[in-house]
Every structure is written in structure tokens, then in C-alpha cells.
Amino acid sequence: MAILVTGGTGYIGSHTVIRLLEKEQEIVIIDNLFNSKLSVIESIEKITQKKVNFYCGDVCNRQMIRDIFMRHNIKSVVHFAGLKAVGESVEKPLIYYHNNIMSTLSLLAVMDEYHCKRLVFSSSATVYQDAKTVLPEQIGTGIIEGKAISEDFPLNATNPYGMTKLMIEQVLRDIYMSDNQWDIVILRYFNPIGAHESGLIGEDPNGIPNNLMPYILEVAKKKRPYLNIFGNDYPTKDGTGVRDYIHVMDLADGHVKALEHMESRCGLKTYNLGTGKGYSVLELVNTFKKVSGVDIPYRITGRRLGDIASCYANPSKAEKELRWKANYSLEDMCRSAWKWATVKNLSFNGDEENV
Ligand code: NAD
Ligand code: UFG
């Protein structure tokens, strides 16, 4: 019996595959390598000393998914595959709706055909985004530091990426309503950062990084002269944005727990995966400086469109029901990210760089 991992060569998928292989699970990956590299498979096999079955292909290709189900006895699926850049999704909504929605519909249809009804889905804290948006009249009043977000928080999305997550969540709820033989766990991730302790895999974005940690790494590596900090006038502890950064290996463990939870039938469940702690941009920068010993020059610029002041999880539901808790500290996250950037030849804009 195998676990199918879509998007398994990507950032979160590859770290999760490692944890699953360590649990002696047979793994089948499908990824079209749109945002990842084939060499990740080699790294996974080197770290775990175990083999994975890899298919390079698109999850939208229903026949290909069928072929995989014909060849392997798939007992459950972890569905990571998707496009995830918020800004790009505003510019190219059709591509986002097509890729994220079509891939999920194809996958679900084939799972149904093969009576494989166990799915873990990668959702995002972005589905809570609108509710946490700071209104212009609230800026500088100091009235919102933000409160921990629990799963029953109102849902809304302000960009096509977030909308695909909301739509897929709704599809999953409808499927479960129509057939409660399904077991579905929706995981809403907060801000994953960090890397596997080996330094052999980590986050490897193409082009100019959108997210904070990959950008910090490029500044640390002197690839970029300074970090732009998007605003220091938010009603937060030091005026910069606050997020719930979670170590990618803690996130990986959350998936293992979700799959275990399904073994005894769980129905449809939704969990936040976060630490419950919020750190500001400056706190992250200072922690990175401390653990790496490398300076991170920065400039304060205007706010980034669509950003919110503060966003952090109430993870108590996952703690109670999945018996999962984030263990790694912010220092651990920074240390492992820096190791990944230095030990491995981190590729910038697709060019392998020798360090
Ligand atoms: P990633 O881009 O590193 O990994 C996604 C993988 O899916 C990539 O390897 C890509 O090549 C592949 N892929 C995309 N579309 C595909 C398709 N149609 N067919 C086959 N493969 C396809 O991203 P990640 O950070 O590992 O994110 C994994 C999932 O978690 C995504 O669904 C993302 O939306 C979600 N998520 C990520 C974050 C984050 O901050 N990283 C936060 C919340 C949710
Ligand atoms: N930031 C900077 N400079 C940068 C990049 C980011 O100051 O160069 C700031 C942002 O303004 C924000 C914080 O760093 O305050 C974190 O920004 P990220 O872009 O790293 O993360 P976001 O919280 O904006 O969004 C990420 C993913 C989303 C996901 C969300 C879940 O990009 O896809 O986390 O909470 F939905």
C-alpha cells in the first residue's frame, strides 16, 4: 500500500516525503517540476537511503493519474501540487484557477474511481486573510495587535490564489457531504520556513523571491544588496508585520499525524498548522543575524499591497485531536535555512552557484 504525494518534489512536499519514508511508508510522487527540480528526488533518497517512485507529470492529466493508480496500490493521497504566488495569481488568474482547481478535480475523480477516499489537502492561512486586514482608519491607532486565528474564524479571500484554496475546501466539504466514506483532512498552513537538518533540501524559489526568508537568504548570500521591509507603521510590537513562522519539519510531522488520524476514520476535519506565536519581520531578521553571524542590511519601504498586520494561529485543535505540536524554535528555523543556503549549492534564478 502506497501514499501518493502530489507536488512531492516541492518545498513542503519533499520534507513531508522524508518523514513518511522514515515511517517506512511506500511513496509515489507526481510532480510536473514546474516549481521544483528532479535533483530533489536524489536528495530525498540520499537523506533517507530509501527509494521513491517518481512520475514527472501534471495532476490535471487524469489519464496519468489513472495509470499511477493502476500501477500502485494507493491507500491515501497528500495533495500539495499547486501554484502559490499570491501576486502572480492576481496577474494570471486563469492559470491559477486552471492549475489548482483542475488538478484537484482530476485527482478526486480518479480517487473516487479507485475507491481511494483518504486525502490530506494543503490549504493556507490565506483563507482567513480578509478578516485580518487592517483598515486604513485603524493604522497607527494601536488597537489591533491581532488575535490568534482558530479554524472557525470567518473565511474570505482577496486574491485568486486564496480563492482557489477556498473553492477546493468547499469542493471537499461537498464531496464529504455526498459520501461520508471519505476521510479528508484540510491543513491550513501558516508561514513555513526552514529546511531539513541535512541542508540537502529546502525552499528553492525561481526568480525574485516573494517571501521573507528566501529573500533574507539571498541578501545573506550577497545576491541582493538589502532587504525591503514592507512597512513599519503597522499596529504591531515594532510596526513591522507579524506572522506565525513554522519550521517545515514541524509541518511535515503534521502531515504524518493527519494520515495516522485517518487510519481510525476521521471524516472531514480542518486544522491550523502553526506555532501559535507571532514574530515581526524585524524579530526574524535579528534572529537570522544572530544564528548566522551575517548582517542583513534592510530598508523600510511602503507596505506591500494586500499585506496584513498580524496573523498567527491558534493551533490547539491540532494539538488536541492530532496530538501534534510544533517543536522547533525560530532560531532552529533560521539555522536550518542558513545551512541549506550555504551547505547545498543553492540555485539562484535557476543557476547553480558554487559556494
Ligand atoms: P512548491 O511550489 O515548492 O511545491 C508545489 C509543487 O507542486 C511544485 O514542485 C510544483 O512543480 C508542483 N505542481 C504545481 N502544479 C502542478 C500540477 N498541476 N501537476 C503536478 N505538479 C504540480 O510549494 P510549497 O511551498 O511546497 O507548497 C505546497 C502546497 O502548500 C501548495 O498547495 C501551496 O499552495 C500550499 N501552501 C504553501 C505555503 C507556503 O508558504 N509555502 C503556505 C500555505 C499553503
Ligand atoms: N516581507 C518583507 N519583505 C519581503 C518579503 C516579506 O518585509 O521581501 C514581510 C511581509 O510584508 C510580511 C512578512 O514579511 O509582513 C511575511 O511575508 P511573506 O511573503 O513571507 O508571507 P505572507 O504572510 O505574506 O504569505 C505567506 C504565503 C502565502 C500564505 C501565507 C500563509 O506567501 O501563500 O503565508 O499565512 F498563504
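All values derive from a computational prediction rather than experimental measurement. Just follow the structure's listing: the first ligand is 1, and inside any ligand the first atom is 1.
When every heavy atom of L187 is checked against every heavy atom of A258, the shortest pair comes out as CD1-CB, 4.4 Å.
In this structure, of Y245, Y189, Y161, the residue bringing a heavy atom nearest to atom 13 (C) of ligand 2 is Y245. Distances from atom 34 (O) of ligand 2 to the heavy atoms of D307, N191, I216 put N191 nearest. With atom 5 (C) of ligand 2 as the reference point, the heavy atom nearest to it among Y128, Y215, F230 is part of F230.
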Apply ring-ring contact (aromatic ring centres under 6.0 Å, His included) to residues F69 and Y114 and explain how you reach the verdict.
CA-CA 7 Å; F69 272 80; Y114 282 81; 5.4 Å; yes
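Using a 4.0 Å cutoff on heavy atoms, Y279 does not count as a contact of ligand 2. Contact annotation: Y234 has no heavy atom less than 4.0 Å from any atom of ligand 2.
Where the criterion is an N or O separation shorter than 3.5 Å, residue side chain and backbone included, P192 fails it with respect to ligand 1. Every N/O-N/O distance between I30 and ligand 1 stays at or above 3.5 Å.
For ligand 1, the atoms lying closer than 4.0 Å to a non-hydrogen atom of G10 are 3 (O), 4 (O), 9 (O), 26 (O).
A salt bridge links K92 with E88: the closest approach of a Lys/Arg side-chain nitrogen to an acidic carboxylate oxygen falls below 4.0 angstrom.
Both tests pass for R303 against the ring of Y234: distance under 6.0 Å to the centre and angle within 45° of the axis.
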